[in-house]
> 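Encoded as structure tokens, here's the structure I'll be asking about.
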Amino acid sequence: TVEVRRYWELDPDSSGTAEGDPERIWELLAESVELRLVADVPVGAFLSGGIDSSSIVAAAAERGSHLDTFTVTFSRPEERLYDEADDARSLAATLGSRHHELPAAADAAELLPSIVRHFGEPFGNPTALLVYELSRLTREHVKVALAGDGADELFAGYPRYRGLAAASWYRRVPRPVRALAAAGARALPESTSGRHALRRAREFALAPVDDLDASYVDWITYFDPGERQSLLRPEVSERLRESPAPEQFLHGLLDRAPRDDFVNRFSFVELQSFLPCNVLEYGDRMSMAHGLEVRAPYTDHRLVEYGFSLPGSDKLKRGRTKSILRDAATGRIPPRPLTKPKIGFNPPMGVWLRGALSPLVD
């Protein structure tokens, strides 16, 4: 017989039960990296200009492993906002890795049929385009690569955590003032330059800030129920009524999440939704499409358990995301990844939709 059961689960009651110790964070990360370097084939690492990947490469170097590192580059001027090649190159030189710069595909439209085939189901995150190409080119050099996936969910690295903190304050603003701000926000145009400030301002002003759970679900949802209804054919909508609404999955996690610490509350949700069902999903599908094994040291269960047991204020401190992780990495990696704004591993979709992908959309 075959029995399907869950063998490990994050304990919501452990939230905020430990004191923050940056040295313990680094010790657990370094041990996790060391475990994931064990292989009988060459091992490398993805390297952006940020703290997550650079900490992994630094931890490996501390243990005597100077890895091959890999960075996606963008060549066209309008794509430069997304390019972290200069920072990654500087980090690699400092950390002693053998660095490789891999140009992103010139025509993303040509990749889409292959990507759809490898997913085998609808999937909405365009970062898959980059991971597909990064994995293809990385596989020419190594068979295993370490990635920084999991750090944002564990240590409150996404801008939405700052948004949730701001919403806690903003809901004290009188309702008429908020209504006026929402009316103005609806007029803000969508940016096609890759800069997210206007979009985030609009989403913030329109979110139901009196309910942080509702704000969170609103921010991570592409289409609300009304929009889905208008987009889908009637027979598809009818079939989908046989299944729970997508929001129900998140509400089920929120029902079990800690209530007295909003950072850990939403970290609990993301570690069991956005991370496995999105980030690790496209990472696994797109890397295995090319026979590349990707390992994620930040998802080690001991590191996750310890990170989650820390108070949210250790992770988001006065608007500083991943605060305790930055403290742990200070002195071990160069200063710039600790202070630079988060770019994120995203393709220039605004540029591509007006250019290479335009005929496909039409």
Side-chain angles (χ1 to χ4, degrees), residues 20-73 84-102 131 134-152 154-155 157 279-280 283-284 287-288 290-307 310 322 324-340 345:
D21 180 358
E23 288 303 312
R24 181 62 177 153
I25 294 282
W26 189 263
E27 178 186 342
L28 288 168
L29 175 62
E31 289 175 2
S32 177
V33 169
E34 186 173 33
L35 284 170
R36 283 153 185 81
L37 290 173
V38 176
D40 54 7
V41 293
V43 180
F46 298 151
L47 181 63
S48 67
I51 182 176
D52 307 338
S53 59
S54 56
S55 295
I56 288 171
V57 175
E62 272 188 3
R63 303 294 172 112
S65 296
H66 294 279
L67 304 174
D68 283 74
T69 51
F70 304 89
T71 299
V72 165
T73 64
E84 295 187 88
D86 292 344
D87 286 334
R89 193 182 308 123
S90 175
L91 279 168
T94 303
L95 298 173
S97 68
R98 298 175 293 274
H99 194 53
H100 307 266
E101 295 181 356
L102 312 173
V131 177
L134 177 60
S135 298
R136 180 180 68 82
L137 296 165
T138 298
R139 181 59 182 81
E140 295 175 2
H141 302 273
V142 297
K143 294 185 177 181
V144 176
L146 307 187
D149 300 337
D152 286 318
L154 183 57
F155 294 109
V279 177
L280 297 179
D284 183 61
S287 59
M288 291 310 295
H290 302 290
L292 177 73
E293 179 188 343
V294 173
R295 300 175 179 177
Y298 280 103
T299 64
D300 183 277
H301 73 282
R302 294 187 308 146
L303 179 56
V304 170
E305 286 169 354
Y306 180 69
L310 304 179
K322 291 192 271 200
I324 194 167
L325 179 60
R326 295 178 196 276
D327 292 342
T330 298
R332 294 179 165 107
I333 64 174
R336 179 158 167 76
L338 301 172
T339 57
K340 63 174 284 193
F345 190 45

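Excluded from the calculations below are hydrogen atoms, water molecules and symmetry mates; all remaining heavy atoms, backbone and side chain alike, are included. By convention here, the first residue in the shown sequence is residue 1.
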> I want to check something: taking the side chain as every heavy atom from C-beta on, are S48 and D87 in contact at a cut-off of under 4.5 Å?
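No, too far: nothing below the 4.5 Å cut-off.
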> Nearest 0.5 angstrom please: L338 CG to S55 OG, how far?
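Going from the CG atom of L338 to the OG atom of S55 covers 7.5 Å.
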> Let's go through R302 and E305 carefully: what are the C-alpha distance in whole Å and the side-chain angles of both, what is the deciding distance for salt bridge (Lys or Arg N to Asp or Glu O under 4.0 Å) to 0.1 Å, and is it a yes or a no?
CA-CA 5 Å; R302 294 187 308 146; E305 286 169 354; over 6 Å; no
> Between S54 and I333, what is the shortest heavy-atom contact and its length?
OG-CD1, 3.6 Å
> Taking all atoms of both residues into account, what is the closest heavy-atom pair of G148 and I56, and its distance?
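Minimum heavy-atom separation between G148 and I56: CA-CD1, 3.7 Å.
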> Can you check whether V131's main-chain N or O pairs, donor with acceptor, with S135's side chain at less than 3.5 Å?
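Answer holds: yes.
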> Quick one: does any side-chain atom of S53 pair with a main-chain N or O of G49 as donor and acceptor, under 3.5 Å?
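Checked: no pair found.
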> Within the structure provided, determine whether Y306 and E27 are in side-chain contact (heavy-atom separation under 4.5 Å).
no
> What distance separates R295 CZ from D149 CG, expressed to the nearest 0.5 Å?
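Answer rounded to 0.5 Å: 14.5 Å.
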> Taking all non-hydrogen atoms of both residues, which atom of L292 and which atom of V142 are closest, and how far apart?
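In this case the closest contact between L292 and V142 is CD1-O, 3.7 Å.
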> What heavy-atom pair brings A92 and T69 nearest, and what distance separates the two atoms?
CB-OG1, 4.0 Å
> Please verify the inter-ring angle class for Y298 with F155; under 30° counts as parallel, over 60° as perpendicular, anything in between as tilted.
perpendicular
> Between CD of E101 and CZ of R89, what distance do you get to the nearest 0.5 Å?
4.0 Å
> Side chains of L146 and V33, heavy atoms from C-beta outward: is any pair under 4.5 Å?
yes
> Could you tell me which non-hydrogen atom of L303 sits nearest to which non-hydrogen atom of P297, and how far apart they are?
CD2-O, 4.0 Å
> Just by modelled atom types, is the L28 backbone N or O under 3.5 Å from a matching donor or acceptor in the S32 side chain?
no
> So do the side chains of L325 and I51 get within less than 4.5 Å of each other, counting heavy atoms only?
yes
> Hey, are the side chains of F70 and L137 touching, using non-hydrogen atoms and a 4.5 Å cut-off?
no
> V144 and side chain to side chain contact (heavy atoms under 4.5 Å, CB included): which partner among V294, V38, V43?
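In the set V294, V38, V43, the residue that makes a side chain to side chain contact (heavy atoms under 4.5 Å, CB included) with V144 is V43.
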> Could you walk me through whether E31 and R63 pass side chain to side chain contact (heavy atoms under 4.5 Å, CB included), step by step?
CA-CA 9 Å; E31 289 175 2; R63 303 294 172 112; 4.2 Å; yes
> Can you list the steps and then say if L91 with V57 is a side chain to side chain contact (heavy atoms under 4.5 Å, CB included)?
CA-CA 9 Å; L91 279 168; V57 175; over 6 Å; no
> Could you report the tightest heavy-atom contact between L37 and A60, atom names first, then the distance?
CD1-CB, 4.1 Å
> Just verifying a value: how many Å separate L95 CG and L47 CG, rounded to the nearest 0.5 Å?
7.5 Å
> If you measure from the Lys or Arg side-chain nitrogens to the Asp or Glu carboxylate oxygens, is any gap between E23 and R332 under 4.0 Å?
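Yes, E23 and R332 are salt-bridged.
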> Are E62 and E34 side-chain neighbours, meaning at least one heavy-atom pair lies under 4.5 Å?
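No; the side chains remain at least 4.5 Å from each other.
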> Do the side chains of D52 and K322 get nearer than 4.5 Å, heavy atoms only?
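Sidechains of D52 and K322: in contact.
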> Which distance, rounded to the nearest 0.5 Å, do you find between the OG1 of T299 and the CG of L280?
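Between T299 OG1 and L280 CG, I get 6.5 Å after rounding to 0.5 Å.
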> Just how far is it from atom OG1 of T71 to atom NE2 of H100, taken to the nearest 0.5 Å?
10.0 Å
